Amino acid sequence: MTGWLPPEAATAVWLSLRVSFWATVLSLPLAVLVALLLARGRFPGRGLLNGLVHLPLILPPVVTGYLLLLAFGRNGPVGSWLHEAFGITLAFRWTGAVLAAAVMAFPLTVRAIRLSVEAVDPKLEQAAATLGASRLMVFLTVTLPLILPGVLVGAVLAFAKAMGEFGATITFVSNIPGQTQTLPSAIYAFLSVPGGDEAALRLVLISIAIALGALALAEWLGRVVARRIGAP
Amino acid sequence: MTGWLPPEAATAVWLSLRVSFWATVLSLPLAVLVALLLARGRFPGRGLLNGLVHLPLILPPVVTGYLLLLAFGRNGPVGSWLHEAFGITLAFRWTGAVLAAAVMAFPLTVRAIRLSVEAVDPKLEQAAATLGASRLMVFLTVTLPLILPGVLVGAVLAFAKAMGEFGATITFVSNIPGQTQTLPSAIYAFLSVPGGDEAALRLVLISIAIALGALALAEWLGRVVARRIGAP
Amino acid sequence: MTLDVQLAHDFGGFALDVEFAAPDGVTVLFGRSGSGKTSVVNAVAGILRPDRGKVMAQGIVLTDTARGLHLPPFRRRIGYVFQEPRLFPHLTVAQNLGFGRWFAPRNAAGASPERIITLLGLEHLLARRPLALSGGEKQRVAIGRAILSKPRLLLMDEPLAALDAARRDEILPYLERLREELGLPILYVSHSAVEVARLATTLVLIEGGRVRKAGPAAQLMADPALAPAFGLRELGAVIRAEVAAHEDDGLTRLTASAGSLWVPHVDMAPGTHLRLRVPASDVTLALRRPEGVSALNILPARITAIRRGDGPGALVQLDCGGELLLARVTQRSVEGMGLAPGMDLYVMLKALSVAPQNMGGD
Amino acid sequence: MTLDVQLAHDFGGFALDVEFAAPDGVTVLFGRSGSGKTSVVNAVAGILRPDRGKVMAQGIVLTDTARGLHLPPFRRRIGYVFQEPRLFPHLTVAQNLGFGRWFAPRNAAGASPERIITLLGLEHLLARRPLALSGGEKQRVAIGRAILSKPRLLLMDEPLAALDAARRDEILPYLERLREELGLPILYVSHSAVEVARLATTLVLIEGGRVRKAGPAAQLMADPALAPAFGLRELGAVIRAEVAAHEDDGLTRLTASAGSLWVPHVDMAPGTHLRLRVPASDVTLALRRPEGVSALNILPARITAIRRGDGPGALVQLDCGGELLLARVTQRSVEGMGLAPGMDLYVMLKALSVAPQNMGGD
Amino acid sequence: DEVVVFAASSLKTALDQIGADFGKATGHRVTISYAGSNKLATQIIAGAPADIFISAAENWMDEVAKAGLVVPETRSDLLGNALVLVAHGAGAPQVEIGRDLDLNGLLADGKLSMAMVDSVPAGQYGKAALESFGLWEGVAPSVAQAENVRDALKLVALGEAPLGIVYASDAVAEPGVSVVGTFPSDSHPAIAYPVALLTGAADQADRDFLKALSEPAADAIFAAQGFKVMK
Ligand SMILES: Nc1ncnc2c1ncn2[C@@H]1O[C@H](COP(=O)(O)OP(=O)(O)OP(=O)(O)O)[C@@H](O)[C@H]1O
Ligand SMILES: Nc1ncnc2c1ncn2[C@@H]1O[C@H](COP(=O)(O)OP(=O)(O)OP(=O)(O)O)[C@@H](O)[C@H]1O
Ligand code: MOO
Ligand SMILES: [Mg+2]
Ligand SMILES: [Mg+2]
């Protein structure tokens, strides 16, 4: 197997899994919140928030990466503040790859969850309120369980996107083996040298296998959840 | 204004609009079909189809572009067949950019529509059937109007993604000013020369303006549709 | 038979196993909550595909699991008023009403939309969407939608439960007319003995997923053994009569085999035969012909049977000129009056207690 | 007053403008489909925020648009049985039932879950999800869910419409007991005069978004002027009586101011006061005291008023020992018997026609 | 100690080997991040923790130097490269590169594959070379610009484009193409890969590796990959 896959590639696979996992897990609660705000909220900055969330989708990934670098780089306003206040550095660290992946996946996740929120029958939420549930409790006991399939879809989309994200990541955190070289960066690196195609292909296959596995898992979970909710 | 925006950039803006429009319009019916199949169908290849649809999300865009090149290039099996049978050439043409954008956007569109389909109450479809509507007519008169918000969301996602797509496009159709140089390619080109930041920034702003316009339009349309359906 | 149903289906926790045949007219499925009525109707509509069974309507096989046959709902031309309205939220009331017409054969006979809209009181709602309707309004639109789809058979699952008595009294006669004029067979789910008496040609009593008894409605409703199934209070015999004359003071005289009966005006031509439900609790017995009482209908009768209940009541079955009547009296009266089979006496019915709701064409 | 409601709201196409006060007990909103009943209940629940108005319950201001005050629904502790079940699809029946309990103050008084589950016949359904329930089963769960949330006020929007008579007869007495034992005020929407007679302390008649009349139920139901609103057939007086004795043959003797009345066994201790609905169509008049008839209840009365209808009928109002009774007879009988105000005669009621459904505690 | 090198993508094969050898010999670890020179330069300016930068073009090294991040005396041109015209398939006939070259005739409706001519160095050199022979105007509409040289080469290897202009070093290992001509080195600005130590580099290992890059062992590896070793 060692011959089949160069050691740095194995590292990249592992790193990508870690990055995608954290990007998914960390962005999900925020995505749910933003989706709720966009679906239900009536506040002045709503259009702006909506636009902001979609920016990573609209912009070429390289631009997003570049903007991240400007903001979260060591010298960037947010980056230096994070560094000074909390000792957190994102640029050129795997944590930065998490940020890049999360940002790139964010519009997809929010959209998926938002669609689910909009499909929840507000009459059920009213019923819960008459039974004494506060807005937060209505959300936790009624809305959240009902949008679970959408959240699941959002999570899978986020994970899949994170596994494939390249442009923003390489621009923001570079392509440092063992630290920021994700699977797509490794594929890119192999593709850019003569004779690297074969190694790249192997990595592509691994990437496909992982993502399809996640997808199948999500489909299955989705079906379980849907059956519980009583969907068809 | 001429000084503000180089003429080739204007061409790129125009081309991107055209590419995104057609990528959206042409992929939408197929996306609806696939979403229906995935949401409702119970056939053997379902998991496979699902995986296939998601590949462009999972794979680094460059890889997708490369695969498109292998399949739809002049010498690719599909490409040569299209050329011989219909005289259609995709490689190095703006039509190829449309294909690349459509493929990259496809998983997002399908997911959005699928979520909507799953939210449609099958009891309403049953009611339509007892009133004499065939499966096709049920779809056209009940399902489709009810999933319209989801289709709209899918279309916006597709358009936005198409406006920002870079990796797959440049790999598949290269960067031929006036023919395949989309907005992201132009931005990339500017970013790649020292001091090109400013020109790139202008293009980025144009890109944002267009996509946010589309987004606002979609939000507004979505609200109109939702009000008609009687959603909250 | 217009409708032959034979079904078995296991829901896991509830098993359905019914078989009945229904002739033309209105067949009412009567049974308690959860007894399986909706499931039967769903199977006839083609929405429920039973584990085993065969459903035929007007000679056409709709479902036959033995032959793997299952006609899809949209080919059945069966109108269905669901237990909940199921209106299309994206369509206006007018569009909801017109939905089925779209798909119905152009030349099929059917009710006129204007007529139905007026009957159901929907004129001022036509432009609204379902979200802005009240519960009863929704149900009325659902009724109209099903009728206007020009069905060959109409399924109605408690269609009037959400409606007020006045509206119900407007719709019931119309359903009777549908049955008679268009010859539209109706399979009707109901909890209400009044609706049963009024509409039912055939009655199918369902209990726990099985048919307890099926047959002509008049017969079943006069069967003391079935009293608990209907609820004691709902018990009553149905007798046949003929419209004799409409009198000046607004009463209609009927002739039954037992004699003349006066009832509030009936909108039927003299000579028409009709069915009259006489609730057992509306019948008073008297040993001598009562004089100076407000009850107009006093008929001689002979006791054929007495069945004492567990409570204070007793059911007295009477032969009244060849027709069977039921009277529900106290056991104390049975003792006090010395009632016994074979005894001759008089039955007393108030003209107005035989309300129009208890009569139907035959 | 337990509940003070004053509301104005414009739906565009329908305007609501009602004002009524309700004391303790059960207040029934009665009115035709689309008259605005659900809208009123929604406003009390806090789901509808009226354009203008004030709602107070038990001295607490729930809504006061003048002061911009609107207590959110979850702070109102008002249980609401909606017109449609609105069960939580992701929860089992047991979890649906327990939902409100979760949020209720631990020490609040409330019904016991086991009792409610048995009463509503839900034992075998506890593990199911709503999708697998029949229409009536869903509605029963919704009733249980609202009651078990330990509310201070219960709103019920046609809760029994989907239920069969037998189940309804089980639930109605329980609602009466809720009213009495827990002192739980109930705002109840109904189409059914039987339910009104049985439950209502106060009656609010709604017509076209306005209050036609509001007041004590007994008074309104004996008002001939309101007869059309109830539907003629539903008309009936309500009289007060006291349980005197339970006799051996299963009858209960009541004493009303007019004399003794025998009715089927009533499950109340001697000395209990109760309300008895006497439907106008169940009263037969006789010039002389009838002998040898199966009707047990024969009381002397005096005619106070006669109101001829448009049809063949007439309403006779009677003073029966100080209580008002209504009798619905034919005009032919009025003529034939020579009835006139001031005349003394006898009213005849069958023991069994005064069914338990027409009685309620007072 | 760790040596972090930011290097242009095209150097991967050679540098990986040199880095591994250095690691084995000294016990230090060499970590190399490959990306486009423009990205790497931007990142270094934004504070990337790199010790050594090897750019594929002078201008991006200039940008880093302008930001004051280059240790000036350590900057040198490490490698050179040649620009070649490649054709699809093995054994394509040689052509004479000069003013009379009938590129459009050779393309016969096909595309001339190059790296992006305004931004990627290989593309810029190629455009300059074509201009020097007065060929650019005529062929410009037929030029397909790939994101980088590797992609340009790939288009030719796949036969999507009949001809391409790439580095000699890239053409070496690609069996799907044949070099049909080499552009004279005076037809375009000198192709150079400048290298420099960055100000963030602290320890001796960084300087040692910089030195190792110009030692004979490294020279051999670079040469084998088709690079011109500058001395
Ligand atoms: N959002 C709305 N827009 C316009 N009209 C409305 C809206 N909501 C309700 N209405 C109208 O208000 C009237 C009263 O509705 P409401 O639901 O209160 O009636 P209801 O008395 O409960 O009737 P039902 O017995 O049929 O349930 C109806 O005519 C209804 O059409
Ligand atoms: N999917 C299901 N899984 C399990 N049990 C089911 C399912 N669907 C229905 N049932 C059960 O089957 C029984 C019959 O249901 P059905 O809806 O036919 O009753 P119904 O006679 O129409 O009752 P109602 O008058 O309350 O509407 C009920 O006890 C119900 O709980
Ligand atoms: O379309 Mo992409 O994102 O180049 O990552
Ligand atoms: Mg049912
Ligand atoms: Mg209502």
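Reminder, nothing fancy here: chain letters follow the sequence lines and each chain counts from 1. These figures come from a predicted structure and were not determined experimentally.
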Worksheet item: Is the number of heavy atoms from other residues, nucleotides or ligands under 6.0 Å of E:E137 CD greater than 12?
Response: no
Worksheet item: What part of B:Y66 gets closer than 4.5 Å to chain E, counting heavy atoms only: side chain, backbone, both or neither?
Response: side chain
Worksheet, complete the sentence: Cut-off 4.5 Å, heavy atoms of chain E, and the answer for B:L70 is side chain
Worksheet item: Side chain, backbone, both or neither: which part of E:E63 has a heavy atom under 4.5 Å from chain B?
Response: side chain
Response to the item:
By side chain to side chain donor-acceptor pair (under 3.5 Å), E:Q145 pairs with (sequence neighbours left out) none
Worksheet item: Are any of the side-chain heavy atoms of B:F190 and E:S119 separated by less than 4.5 Å?
Response: no
Worksheet item: Which residues from residues 177-186 of chain B are near chain E, with near meaning under 4.5 Å between non-hydrogen atoms?
Response: B:P177, B:Q179, B:S185
Worksheet item: Just how far is it from atom CE of E:M116 to atom CG of B:N175, taken to the nearest 0.5 Å?
Response: 4.0 Å
Fill in: Largest heavy-atom contact set with chain B, pairs under 4.5 Å, which of E:K111, E:E160, E:Q124
E:E160
Worksheet item: Within a radius of less than 6.0 Å around CG of B:L48, do more than 12 heavy atoms belonging to other residues, nucleotides or ligands occur?
Response: no
Worksheet, complete the sentence: Nearest heavy-atom contact between E:A144 and B:F92 is CB-CE2, 3.7 Å
Worksheet item: So which pairs with a foot in residues 30-48 of chain E pass side-chain hydrogen bond (donor to acceptor under 3.5 Å, both in side chains), sequence neighbours left out?
Response: A:S174-E:S33, A:S174-E:Q43, B:S192-E:N38, E:E2-E:T31, E:D16-E:Y34
Discussion item. Quick check: do B:L69 and E:K154 have side-chain heavy atoms less than 4.5 Å from each other?
Written reply: no
Response to the item:
residues 71-90 of chain B vs chain E, non-hydrogen distance cutoff under 4.5 Å, contacting residues -> B:G73, B:R74, B:N75, B:G76
Worksheet item: Which atoms of B:A91 come close to chain E, meaning under 4.5 Å heavy atom to heavy atom: side chain ones, backbone ones, both, or neither?
Response: side chain
Worksheet entry | Region of E:P121 that comes under 4.5 Å of a non-hydrogen atom in chain B | neither
Worksheet item: Does atom CH2 of B:W22 have more than 12 heavy-atom neighbours from other groups under 6.0 Å away?
Response: no
